[in-house]
Amino acid sequence: EKGGYEHFMLKEIFEQPKSIQDTLRGRLLVNEGIIKMAGIWDHLDRINKAERIIIIACGTSWHAGLIGEYLIEEFARIPVEVEYASEFRYRNPIITEKDIVVAISQSGETADSMAAIKLAKEKGAFIYGICNVVDSSIARFSDAGSYTHAGPEIGVASTKAFTAQLTILSLIALKLGKHNGNLSNAEFMRLITELDNIPKKVEEVLKSTHDYVKEIAHDFVNSTNFLYLGRGFNFPAALEGALKLKEISYIHAEGYPAAEMKHGPIALIDENMPIVIIAPKKGHYDKIVSNVQEIKARKGKVIAVVNYGDEQVASMADYVIEIPETSECFSPIVASIPLQLLAYYIAVYRGANVDQPRNLAKSVTVE
Ligand code: M6R
């Protein structure tokens with residue numbers, strides 16, 4: 001049932017053009033110029049009038065939530081806070097009936113996330129669930145929601161569920177923005193047309209980067225540390241890239257917003273430190289160029305994810321992974337693909353049990 005792949009994780013990485021498409025299907029209607037989402041539509045007034053949206057999740061789903069914050073604030077202009085479920089529930093949070101709580105969970109069974117939304121509901125908040133597993137506890141407990149149609153995810157390291165979560169969050173942000181007047185029709189049309197192209201771009205990236213990323217992985221099997229850097233929408237993508245590597249290869253990795261480097265992590269950089277840097281053309285590119293200069297001045301090994309035809313970052317980087325250009329807000333979906341492959345192949349070369357890494361379970365049902 002691994003469909004010819006050596007591991008579920010690799011199969012699931014390759015399923016992403018389809019899982020993203022499945023998540024868009026029936027919702028993104030480009031020709032009609034609309035996004036159809038019953039969960040949002042039925043509660044549009046309450047959501048758009050919310051004083052704030054609180055996103056609650058753990059792990060990879062929390063990383064998706066951080067990107068959700070950027071998306072919703074950018075397009076719907078509603079203030080968003082993103083919380084680790086475990087911290088939220090134990091700190092006597094301030095919640096009112098005017099709050100919308102969005103719970104993101106692949107399994108829909110994560111104990112901390114479940115407990116957090118119970119608490120929020122008791123205080124009168126409206127709960128919106130974004131789950132992958134149909135009829136899971138969080139999905140049932142929510143007042144409304146949207147399923148990510150990623151299909152069953154077996155690998156413990158989340159891949160296709162993450163990109164499906166980003167897809168749903170993009171749809172929600174654009175739909176809210178369209179209806180509350182923050183997005184002009186022209187801008188909305190431009191963005192949904194681009195979102196519609198994402199499955200194709202993901203397909204392209206899988207084909208064009210796979211063999212090269214596998215080679216890169218081979219060069220770093222013996223590394224003991226990694227840094228992942230990104231800015232803006234790609235800062236959470238850096239966190240997610242680092243988490244993937246930690247989980248399955250057991251190499252210590254940290255993600256940072258690139259600009260934070262000079263506030264501490266730069267002290268770690270020497271010729272033995274690999275640094276994965278996400279540097280698409282759209283989104284603080286010039287700033288990233290200076291970050292790469294700072295790293296190269298300290299002899300760090302740079303693995304850069306850039307757009308086709310990039311020259312500035314590419315001329316300094318040790319390894320250059322090229323991906324197609326897209327709107328900045330969707331670039332984490334495309335940029336995550338080579339990072340998933342990199343973590344996967346490093347783990348495989350180290351002989352690790354990729355689908356069932358030590359100490360981890362697919363869903364964390366203990367608090
Ligand atoms: O099922 P959930 O999305 O609620 O799970 C949350 C985390 O436990 C999960 O994302 C975990 O971090 C994964 N192993 C990440 O690959």
Side-chain angles (χ1 to χ4, degrees), residues 1-2 5-13 15 56-66 82-90 103-116 131-133 136-138 148 150-165 213 217-218 220-228 236-256 265 268 272-274 276 336-367:
E1 74 236 43
K2 287 181 200 151
Y5 290 95
E6 200 185 334
H7 295 98
F8 282 109
M9 183 178 173
L10 189 62
K11 171 172 177 262
E12 289 161 3
I13 291 173
E15 274 169 359
I56 286 178
C58 306
T60 289
S61 299
W62 184 78
H63 295 152
L66 287 178
V82 189
E83 301 254 10
Y84 281 120
S86 57
E87 285 300 313
F88 178 82
R89 55 179 293 216
Y90 287 118
I104 308 178
S105 175
Q106 187 285 130
S107 63
E109 302 298 342
T110 301
D112 280 318
S113 302
M114 186 64 201
C131 299
N132 193 45
V133 177
S136 52
S137 305
I138 293 174
T148 47
E153 190 181 63
I154 312 286
V156 165
S158 185
T159 52
K160 63 174 180 169
F162 174 66
T163 49
Q165 289 164 346
V213 170
H218 197 257
F220 290 96
V221 254
N222 296 318
S223 294
T224 48
N225 287 290
F226 261 82
L227 284 179
Y228 283 72
L239 297 183
E240 174 57 11
L243 178 64
K244 287 290 84 87
L245 187 70
K246 276 185 268 214
E247 284 191 293
I248 58 171
S249 74
Y250 318 136
I251 294 174
H252 172 242
E254 285 192 73
Y256 273 100
L268 293 166
N272 297 315
M273 179 63 92
V276 177
S336 290
I337 309 298
L339 304 195
Q340 294 169 348
L341 288 169
L342 183 66
Y344 173 78
Y345 279 110
I346 291 179
V348 167
Y349 285 132
R350 287 165 69 95
N353 185 349
V354 173
D355 283 335
Q356 295 211 291
R358 68 186 184 201
N359 309 339
L360 295 174
K362 184 62 187 162
S363 68
V364 183
T365 51
V366 291
E367 302 179 5

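Quick caveat, the model's predicted, so the values are computed rather than measured. Along the sequence shown, the residues carry numbers beginning at 1.
Atom CZ of Phe226 sits about 13.5 Å away from atom CD of Glu254, to the nearest 0.5 Å. Distance CD1/Ile154 to CD/Gln356: 10.0 Å, rounded to 0.5 Å. Here Tyr344 contributes atom OH and Glu12 contributes atom CD; the two are 11.0 Å apart, rounded to the nearest 0.5 Å.
A search for side-chain hydrogen bond (donor to acceptor under 3.5 Å, both in side chains) contacts involving Lys11 returns Glu15, not counting sequence neighbours. Residues forming a side chain to side chain contact (heavy atoms under 4.5 Å, CB included) with Ala347 (at least two apart in sequence, or on another chain): Ile248, Ser249, Ala352, Val354. Residues that satisfy the salt bridge (Lys or Arg N to Asp or Glu O under 4.0 Å) test with Glu153, not counting sequence neighbours, are Lys362. Take Phe8 and apply the ring pair (Phe, Tyr, Trp, His ring centres under 6.0 Å) test, not counting sequence neighbours, and it matches no residue. Legend: residues meeting side-chain hydrogen bond (donor to acceptor under 3.5 Å, both in side chains) with Ser113, ordered by chain and number and at least two apart, are absent. Under the side chain to side chain contact (heavy atoms under 4.5 Å, CB included) criterion, Ala103 pairs with Ile117, Ile138, not counting sequence neighbours. With sequence neighbours left out, the salt bridge (Lys or Arg N to Asp or Glu O under 4.0 Å) criterion links Asp355 to no other residue. Listed by chain and number, the residues in a side chain to side chain contact (heavy atoms under 4.5 Å, CB included) with Ser61 are Ala57, Ile104, Gln165 (sequence neighbours excluded). Looking at residues two or more places apart in sequence or on another chain, you find a ring pair (Phe, Tyr, Trp, His ring centres under 6.0 Å) between His218 and Tyr349. Legend: residues meeting side chain to side chain contact (heavy atoms under 4.5 Å, CB included) with Val364, ordered by chain and number and at least two apart, are Val366. Every residue two or more places apart in sequence or in another chain that forms a ring pair (Phe, Tyr, Trp, His ring centres under 6.0 Å) with Tyr84 is listed here: Trp62.
Side chains of Phe220 and Leu342 form no contact here, defined as non-hydrogen atoms less than 4.5 Å apart. Residues Val348 and His7 are in side-chain contact: their nearest non-hydrogen atoms beyond the backbone lie under 4.5 Å apart.
Between the side chain of Ser107 and the backbone N or O of Glu109, at least one donor-acceptor pair lies under 3.5 Å. Here the side chain of Lys2 pairs no donor or acceptor atom with the backbone of Met9 at under 3.5 angstrom.
For residues 239-251, the set of pairs meeting the salt bridge (charged side-chain N to carboxylate O under 4.0 Å, His left out) definition, not counting sequence neighbours, comprises Glu240-Lys244, Lys244-Glu247.
Geometrically, Arg358 engages Tyr250 in a cation-pi contact defined by less than 6.0 Å to the ring centre and at most 45° from the axis.
Tyr228 and Ala238 make their closest contact through CB-O, 3.3 Å (heavy atoms, listed as atom of the first residue, atom of the second, distance). Taking each heavy atom of Gly151 and Asn132 in turn, the nearest pair found is O-ND2, 3.0 Å. Closest heavy-atom contact between Asp112 and Arg89: OD1-NH1, 2.7 Å. The two residues Thr110 and Cys58 make their nearest non-hydrogen contact at CG2-SG, 3.8 Å. Between Phe162 and Ala64, the shortest heavy-atom contact is CE1-N, 3.6 Å. Taking each heavy atom of Ala242 and Gly255 in turn, the nearest pair found is CB-N, 3.6 Å.
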Check the pair Thr224, His252 against side chain to side chain contact (heavy atoms under 4.5 Å, CB included), reporting the backbone distance first and the verdict last. CA-CA 6 Å; Thr224 48; His252 172 242; over 6 Å; no
